[in-house]
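Heads up, the thing below is written out as structure tokens.
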2 protein chains.
Amino acid sequence: MGESVTSRALALLGAFDGEHRSLSLTDLARRAGIPLATAHRLVGELHRWGALAREPNGGYVIGRRIWQLGLLAPVQSGLRQAASPFLHDLYGTTLATVHLAVRDGVEVLYVERLAGHVSVPVVSRVGSRLPMHATGVGKVLLAYAPEEVRLEVLKNLTRITAYTVTQPARLIDQLRRVRAEGYATTGEEMSLGACSVAVPVRNGDTVVAALGMVVPDLRRQLPRLVSALQVAAHGISRTLAASPSVQWK
Amino acid sequence: MGESVTSRALALLGAFDGEHRSLSLTDLARRAGIPLATAHRLVGELHRWGALAREPNGGYVIGRRIWQLGLLAPVQSGLRQAASPFLHDLYGTTLATVHLAVRDGVEVLYVERLAGHVSVPVVSRVGSRLPMHATGVGKVLLAYAPEEVRLEVLKNLTRITAYTVTQPARLIDQLRRVRAEGYATTGEEMSLGACSVAVPVRNGDTVVAALGMVVPDLRRQLPRLVSALQVAAHGISRTLAASPSVQWK
DNA sequence: TAATCCTCTTCCACTGAGTGGAAGGAGTCC
DNA sequence: GGACTCCTTCCACTCAGTGGAAGAGGATTA
């Protein structure tokens, strides 16, 4: 005992992730760290309300009530909806993987991802988080983040590939150039074979998101990609500015 | 007393809807029917976990953890993702409002909606429900619904406009023709000035969704719209069939 | 076919998590 | 300056919640 009922119910919901979209009762209890009988009761309540749904084979999945609430989250109803047409245009003209991301603490949270046809290893998934220092969108968000966030990230530059920037001074210099030139790039720093370029998305003066693309090679097409990204980013910013009723961060 | 802690926490989450995306603590307590002190404690827990977020002005909004869980719901990760490219293609070629909907009990649940430029009154919103008998997607879903669902809907044919079909025999005949011809239409039955056409989306033999469009007038362009909808619906079906790992309903 | 294992459901003696009215602080408005 | 509203905190009181155990049913294995 000692844990609240609410925290246990939330732990049950939190047992689901990208790799575990359907869970048996026993797995739910185990992953949430809750005795089976207790889990059974709480899962029953979540199911009756619609937070969970039960499949014919007995497994539980996230229910439609959570899906509907998720649509109300500012990140969904504001940024993602505003950005969607521009992301599809961008994807349509380049056929590369397109990302829209926001900062979440000291990580990048992927808000939207349109998968490209080009054979490039892409590890992002909508709703997932990746490190800021090794991704294009992450470098953009880091460049405009509060100083305390930047300091926290700079303390923990883990190597992901042989090309990952792990020296603080070098990353600081890159971030300064992001602010000066208006875009960030990476070269196989997150995945071998994948390069990226990203630009900021502003709401007024505030950088609220980053828009990026992943391609196998940047060398010949960088100016064209930067231009296309900036056009899309401006479009998103105009749309955000035109919808003052929806607040989001 | 008498209500469970879990049901109260869920009631707080359920206080949010399309018209109430940001709520003060007092409003949350009121809408959830919970004393202020109790609401304060439970909202604090939801906030700490990330189910709710607090805005600078003190209002609460749905938090990112709910948004992320919502992405895991089968309706999101299966149908909606599979359908997205086809919906954008359809929208791109017609510029009309495009809907993707599923049956939820005896109502239509709108899973995706791409808003058109044509000035047609459209009342649907993603995540919302509308009656089955007065919408194109609803008639499709009703035509292929279990008998007991059909009987339940037929008992309650409320009039929405002067053109709404409220006689059971007439609707039964229309549903038979939906199954025979492969598409449903409406003519100002839900909103004056709005006509719609919809087709079934199948997964194997099962009709799992309906794909529809809303236009001001159907008379000259019905065959072309039906054809475009069916092409898109087949594409969605093929994509669903190719992703067996994701289960959804 | 039988034995074993696992999941899920139900029960109930026990207990501490949860309750909510009241009071007070802070901010806004007139 | 007073009135009003929202939010936060307190704490005496109580019943909602707990979880080990037992059993049913289905799946797996020998």
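Below, chain A is the first sequence line, B the second, and so on; all start at residue 1. Any value given below was found using the heavy atoms of this structure, including those in side chains, with hydrogens, waters and symmetry copies removed.
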Problem set entry | Residue pair B:Arg21 / A:Pro74, side-chain heavy-atom distance below 4.5 Å | no

Problem set entry | Gap between atom OH of B:Tyr60 and atom CG of B:Leu52 - 0.5 Å precision | 8.0 Å

For this session: Check whether any side-chain N or O of B:Arg8 sits under 4.0 Å from OP1 or OP2 of C:dG20, and answer yes or no.
Result: yes

For this session: Calculate the interatomic distance between B:Leu25 atom CG and D:dT8 atom P; express it in whole Å.
Result: 6 Å

Exercise. Should A:Lys155 and A:Leu151 count as side-chain neighbours, where that means a heavy-atom distance under 4.5 Å?
Worked result: no

For this session: Let me know the distance between CD of A:Glu3 and P of C:dG18, rounded to the nearest Å.
Result: 10 Å

Problem set entry | Distance below 4.0 Å between B:Thr26 side-chain N/O and D:dC7 OP1 or OP2 | yes

Seminar exercise, completed: Which of C:dC8, C:dG18, D:dC7 is nearest the side chain of A:Arg54? It is C:dC8

For this session: For the helix from C:dT1-D:dA30 to C:dC30-D:dG1, figure out the bend between the end axes, five pairs an end, and round to 10 degrees.
Result: 60°

Exercise. Contacts to DNA chain D from residues 43-50 of chain A, heavy-atom cutoff under 4.0 Å, which residues?
Worked result: none

Exercise. If you round to the nearest 0.5 Å, how far is CG of A:Leu46 from CG of A:Leu28?
Worked result: 9.0 Å

Exercise. Measuring from A:Ile66:CD1 to A:Leu13:CG, what's the distance to the nearest 0.5 Å?
Worked result: 5.0 Å

Problem set entry | Heavy-atom side-chain proximity of B:Leu175 to B:Lys139 below 4.5 angstrom | yes

Exercise. Does B:Leu109 reach the side chain of A:Trp67, with side-chain heavy atoms less than 4.5 Å apart?
Worked result: yes

Exercise. Can you check whether A:Arg64 reaches B:Val102 side chain to side chain, under 4.5 Å on heavy atoms?
Worked result: yes

Problem set entry | Residue closer to the 5' end of DNA chain C, B:Val5 versus A:Gly59 (nearest nucleotide) | A:Gly59

Seminar exercise, completed: To the nearest angstrom, the CG-C1' distance between A:Asp27 and C:dC6 comes to 11 Å

For this session: Please check if atom NE2 in A:His47 has more than 12 non-hydrogen atoms from other residues, nucleotides or ligands closer than 6.0 Å.
Result: yes

Problem set entry | Note, A:Thr161 side chain near A:Met190 side chain (heavy atom, < 4.5 Å) | no

Problem set entry | Validation row: B:Leu87, B:Leu211 side chains within 4.5 angstrom (heavy atoms) | yes

Seminar exercise, completed: Within residues 34-42 of chain A, the residues having a heavy atom closer than 4.0 Å to DNA chain C are A:Leu36, A:Ala37, A:His40

